[in-house]
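Just so we're on the same page: letters track the sequence lines, and every chain starts at 1. Just the heavy atoms: all of them, side chains too, but no hydrogens, waters or symmetry mates, feed the values below.
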Protein chains: 2
Amino acid sequence: MGKPKAPRGQGRERVVAAALELFSERGVSGTSLQMIADHLGIGKAAVYYQFKTKEGIIEAVLAPAFEQMRRIIADAEASESQQEVATAGLCNLVIAQREVVAALSHDPEVRRFLEMHSEAAELILQLGRMLLGPEPDTRRRIAVSLFGGGLASVGIDPQLADIGDEALRSELISLGQFLLKA
Amino acid sequence: MGKPKAPRGQGRERVVAAALELFSERGVSGTSLQMIADHLGIGKAAVYYQFKTKEGIIEAVLAPAFEQMRRIIADAEASESQQEVATAGLCNLVIAQREVVAALSHDPEVRRFLEMHSEAAELILQLGRMLLGPEPDTRRRIAVSLFGGGLASVGIDPQLADIGDEALRSELISLGQFLLKA
DNA sequence: GTCTATAGCCGGATAGAC
DNA sequence: GTCTATCCGGCTATAGAC
């Protein structure tokens, strides 16, 4: 009864992968559906068969990152040391989803998307609050902003391309804890 | 003999100011010349009178930041403690040119611009080298990347809007020195 | 210095053939 | 599931009137 042909969702995944690659090179506004289609060697209408709108593609590209954020928040909430678990979780997220995080965390089109989908925006705010801890002073607030903003860039910095995932992860976590204790 | 009417360059500055504001909200790709014209209450062709191409506008928006970078590099080179002077200079740059730095440092269109204008790209690389110092280890390289990427975000983080320039500057410099000594 | 008008191209999105 | 053809609107850029 399995359907060997046209396995559901495979086309979607190919579109999402191509979109992510192009988004990270040219930004969301700078990427047209035509480019995505060309990249896959298909027609523009074939892309529309998978996603009715461009926003739908953005949503699908972002989805796995937000899923992981939900897990991080759940883990941190279940832990005694919220701040440390959240910090490590964020570092893991950056490693596991380099391209999604780096390509989209500073994209103006994604910012607009988040303004229209407050459940997603709330996840980011919640993670921020966990890093801040209760009653943060000015220095801590700046340190958290610096760390959060920096994390996104580190993921795709070409100058760090020779550093393996494990080394990067452990140094990031260490630097994060260091910064947030400053 | 002064010419009270049509003071040279004033029109250009108004275009640049409007462009910067829109670039920071919508990104470069997401900003059309029509939007810039509308924002100034003039026609699209009036913008073309000041700048022959959109790239010309990008160049003019970036110019002051690169000028300041040149000064920072010159100052650091003349100093004994290159790394500290460069770090402080970068923090000052972020404060003085928040919008330019934040809006454009992660913009894919600007990245493409830099690939075509290697003199400008070289300034950024040179500053990076000054922060790294001679023979940096892995941890230092990651710290520099984290700091550089984070600086850009801090400048426009709405959550830090209540912090004055002076407080922000001194904390940033302090956090920078702290991070680079980690 | 700003305007209208227009060229020519490309954007997102849809309809319908195969 | 992919294609061609098409709609309509917006884009950069130019020409020329005022």
Side-chain angles (χ1 to χ4, degrees), chain A residues 2-62 104 107-113 116-117, chain B residues 2-23 25-62 104 107-110 112-113 116-117:
Chain A
K3 289 178 183 167
K5 289 226 179 145
R8 269 211 310 150
Q10 187 174 319
R12 282 177 74 94
E13 278 164 38
R14 277 168 48 83
V15 169
V16 169
L20 174 54
E21 192 178 328
L22 289 163
F23 285 171
S24 81
E25 280 170 19
R26 327 253 320 192
V28 174
S29 292
T31 300
S32 69
L33 300 186
Q34 184 68 70
M35 290 177 194
I36 295 174
D38 289 351
H39 197 82
L40 292 170
I42 63 179
K44 193 165 49 159
V47 175
Y48 272 101
Y49 172 78
Q50 305 285 359
F51 294 96
K52 290 236 162 296
T53 66
K54 193 179 184 184
E55 189 182 342
I57 301 180
I58 299 177
E59 195 173 357
V61 169
L62 291 174
L104 301 176
D107 194 293
E109 216 63 39
V110 172
R111 224 189 47 206
R112 293 166 63 79
F113 176 91
M116 313 263 285
H117 296 74
Chain B
K3 290 178 182 165
K5 290 224 180 148
R8 269 211 310 150
Q10 186 176 320
R12 283 177 74 94
E13 279 164 37
R14 277 169 48 84
V15 169
V16 169
L20 174 54
E21 192 178 328
L22 289 164
F23 286 170
E25 279 169 20
R26 326 253 320 193
V28 174
S29 292
T31 301
S32 69
L33 300 188
Q34 184 68 70
M35 290 176 194
I36 296 174
D38 290 351
H39 197 81
L40 292 170
I42 61 179
K44 194 168 45 163
V47 175
Y48 272 102
Y49 172 79
Q50 306 285 359
F51 294 96
K52 288 234 161 300
T53 66
K54 191 179 184 182
E55 190 183 343
I57 301 180
I58 298 177
E59 196 173 356
V61 169
L62 290 175
L104 300 176
D107 194 292
E109 215 64 39
V110 172
R112 292 166 64 79
F113 176 91
M116 314 263 283
H117 297 73

How close or far is atom [atom2] of [N] from atom [atom1] of [X], stated in whole angstroms?
X	N	atom1	atom2	answer
A/I57	C/dG11	CD1	C1'	13 Å
A/E55	C/dG12	CD	P	14 Å
A/K54	C/dA13	NZ	P	8 Å
A/L40	D/dT2	CG	P	9 Å
B/L33	D/dG9	CG	P	21 Å
A/D38	D/dT2	CG	C1'	14 Å
A/K44	C/dA15	NZ	P	15 Å
A/R14	D/dG1	CZ	C1'	12 Å

Of C/dA13, C/dT2, D/dT2, the nucleotide closest to the side chain of A/Q50 is D/dT2
To the side chain of B/I42, which of D/dA13, C/dA15, C/dT2 is closest? C/dT2
Would one find more than 12 heavy atoms of other residues, nucleotides or ligands at under 6.0 Å from atom CZ of A/R112? no
Does [X] place a side-chain N or O at less than 4.0 Å from the phosphate oxygens OP1/OP2 of [N]?
X	N	answer
B/S32	D/dG10	no
A/Y49	D/dT2	no
B/Y48	D/dA13	yes

Reading DNA chain C from 5' onward, which residue's closest nucleotide shows up sooner: A/M35 or A/K52? A/M35
Pick the closest DNA chain C nucleotide for B/A46 and for A/Q34 by heavy atoms, then say which residue is nearer the 5' end. B/A46
Check whether any side-chain heavy atom of [X] sits under 4.5 Å from a side-chain heavy atom of [Y], and report yes or no.
X	Y	result
A/V28	A/K54	yes
B/F23	B/D107	no
B/L62	B/F113	yes
A/I36	A/I42	no
B/L33	B/I57	yes

Could you spell out the base pairing of DNA chain D as a dot-bracket line? Use Watson-Crick and G-U wobble contacts where both distances are under 3.5 Å, [ ] for crossing pairs, | for partners on a different strand. ||||||||||||||||||
Touch check for A/S29, heavy atoms < 4.0 angstrom, all strands: base, sugar-phosphate only, or nothing? nothing
Positive for side-chain contact (heavy atoms from CB on, under 4.5 Å) with A/T31, one of A/E109, A/E21, A/R26: A/R26
